[in-house]
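A quick write-up on the structure given underneath.
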Amino acid sequence: MDKKTFDEITKEIFVKYGFIKKRNTFLLILDEITVSCRLYTWNLITSFNYWISVNGLYDNSVPYEKRYGTYVAIKMEHSPLADGYHKSEIKYEDYTEEYYRKLLTNMLHAYFDPYKKDPIKYIRDNCERLYLKPDEKNFLGL
């Protein structure tokens with residue numbers, strides 16, 4: 001698959017799931033939180049990463065795409081047999097369109113369904129792993 005097709009499918013699948021695209025970031029705007037997801041390249045490895053921000057900490061003057069809260073340092077892993085960061089590496093040139101559609105759809109559901117169901121409960125249940133900022137912990141009563 002080429003880069004253009006990869007970008008088109010990525011946008012299509014994210015939007016279908018409920019995200020909106022602002023520049024190079026996909027935003028899932030929920031009542032209590034906003035989930036921002038972006039494709040990152042680090043050490044020559046490209047992968048999806050996301051962060052969450054608690055909406056109650058921002059007033060309406062701050063655009064959603066500028067609300068940077070807790071960075072979730074958990075990569076969207078999909079290659080369990082690979083080592084280290086390669087577990088989450090996106091290699092679109094090696095994918096067929098059908099495989100990538102399935103891969104991305106499964107990753108979105110695995111990572112973001114809990115936020116859609118009950119984001120505050122999910123954050124509270126996973127606050128140790130999410131490394132919340134002090135103002136976020138205080139706001140959520142943790």
Side-chain angles (χ1 to χ4, degrees), residues 1 3 5-142:
M1 176 172 42
K3 177 74 167 124
T5 304
F6 169 79
D7 290 341
E8 289 170 355
I9 292 172
T10 299
K11 181 178 178 182
E12 174 193 328
I13 300 296
F14 268 88
V15 168
K16 184 177 179 182
Y17 185 81
F19 283 83
I20 59 171
K21 185 171 186 197
K22 293 281 189 169
R23 295 190 183 130
N24 63 344
T25 302
F26 292 96
L27 302 166
L28 181 62
I29 302 168
L30 304 171
D31 290 336
E32 295 101 346
I33 66 162
T34 297
V35 176
S36 304
C37 188
R38 183 183 298 176
L39 199 62
Y40 279 104
T41 300
W42 184 76
N43 279 351
L44 302 175
I45 294 173
T46 301
S47 63
F48 285 106
N49 288 280
Y50 72 99
W51 60 96
I52 54 172
S53 58
V54 178
N55 293 336
L57 293 174
Y58 299 92
D59 63 36
N60 289 335
S61 68
V62 180
Y64 286 106
E65 64 271 21
K66 303 270 186 195
R67 298 178 184 192
Y68 296 102
T70 296
Y71 175 75
V72 180
I74 298 167
K75 303 271 188 177
M76 297 177 74
E77 296 182 355
H78 63 272
S79 300
L81 299 178
D83 292 327
Y85 285 103
H86 291 282
K87 290 182 177 187
S88 59
E89 186 172 12
I90 300 292
K91 294 183 177 182
Y92 63 84
E93 61 276 359
D94 294 346
Y95 301 158
T96 64
E97 290 181 32
E98 181 181 324
Y99 174 76
Y100 180 60
R101 285 177 187 280
K102 182 179 178 183
L103 171 69
L104 186 57
T105 299
N106 289 341
M107 284 194 315
L108 292 178
H109 283 287
Y111 280 84
F112 304 123
D113 281 359
Y115 290 109
K116 280 183 153 184
K117 182 178 178 185
D118 190 344
I120 301 303
K121 180 180 181 337
Y122 182 74
I123 291 169
R124 283 187 174 131
D125 291 348
N126 294 281
C127 67
E128 308 284 319
R129 183 175 58 89
L130 294 176
Y131 304 108
L132 297 173
K133 293 180 179 181
D135 60 336
E136 293 169 325
K137 283 185 174 182
N138 187 37
F139 184 84
L140 296 173
L142 300 173

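Values in this document were obtained by computation on a predicted structure and should not be read as measured data. Heavy atoms only: backbone and side chains are in, while hydrogens, waters and symmetry mates are out.
Within the model, atoms CZ of F19 and CD1 of I29 stand 10.5 Å from one another, a figure rounded to the nearest 0.5 Å. Interatomic distance, T46 OG1 to F6 CZ, rounded to the nearest 0.5 Å: 8.0 Å. Note: M107 CE to S47 OG = 9.0 Å, rounded to the nearest 0.5 Å. Rounding to the nearest 0.5 angstrom, the gap separating the CD1 atom in I33 from the CD1 atom in I120 is 6.5 Å.
Applying the side-chain hydrogen bond (donor to acceptor under 3.5 Å, both in side chains) criterion to E32, with sequence neighbours excluded, gives no partner residue. Applying the ring pair (Phe, Tyr, Trp, His ring centres under 6.0 Å) test to Y122 and every residue at least two apart in sequence or in another chain returns Y115. Applying the salt bridge (charged side-chain N to carboxylate O under 4.0 Å, His left out) criterion to D135, with sequence neighbours excluded, gives no partner residue. Applying the side-chain contact (heavy atoms from CB on, under 4.5 Å) test to N138 and every residue at least two apart in sequence or in another chain returns nothing. In this structure K16 satisfies the side-chain hydrogen bond (donor to acceptor under 3.5 Å, both in side chains) test with no other residue, sequence neighbours excluded. When the side-chain hydrogen bond (donor to acceptor under 3.5 Å, both in side chains) test is applied to T96, no partner is found at least two apart in sequence or on another chain. Residues that satisfy the side-chain contact (heavy atoms from CB on, under 4.5 Å) test with T5, not counting sequence neighbours, are M1, D2, I9, E97. Every residue meeting the side-chain hydrogen bond (donor to acceptor under 3.5 Å, both in side chains) condition with N126, not counting sequence neighbours, appears here in chain and number order: R129. K21 meets the side-chain contact (heavy atoms from CB on, under 4.5 Å) test with K11, F26; sequence neighbours excluded.
Sorted by first then second residue, the salt bridge (charged side-chain N to carboxylate O under 4.0 Å, His left out) pairs that include residues 113-124, not counting sequence neighbours, are K121-D125.
When atom types are taken as modelled, the side chain of N55 and the backbone of L30 share a donor-acceptor pair closer than 3.5 angstrom.
A ring-ring contact (aromatic ring centres under 6.0 Å, His included) with F48 is found for exactly one of Y111, Y40, F14, namely F14.
Counting only N and O atoms by type, the side chains of T10 and Y100 include a donor and acceptor under 3.5 Å apart. Side chains of S36 and T25: a donor-acceptor N/O pair is absent below 3.5 angstrom, by distance only.
Smallest separation of non-hydrogen atoms from F139 and G56: CZ-CA, 3.6 Å. Of all non-hydrogen atoms in I90 and Y95, the two that sit nearest each other are CA-OH, 3.6 Å.
In this structure, the side chains of L140 and I123 come closer than 4.5 Å at one or more pairs of heavy atoms. Side chains of T34 and L28 form no contact here, defined as non-hydrogen atoms less than 4.5 Å apart. Using a 4.5 Å cut-off on side-chain heavy atoms (C-beta onward), L27 and V35 make no contact.
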Review point. After noting the C-alpha distance and the side-chain angles of I13 and Y17, does the key distance pass the side-chain contact (heavy atoms from CB on, under 4.5 Å) rule?
Key: CA-CA 6 Å; I13 300 296; Y17 185 81; 5.6 Å; no
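A salt bridge is defined here as a Lys NZ or Arg NE, NH1 or NH2 lying under 4.0 Å from an Asp or Glu carboxylate O, and K3 with E93 fails to meet this definition.
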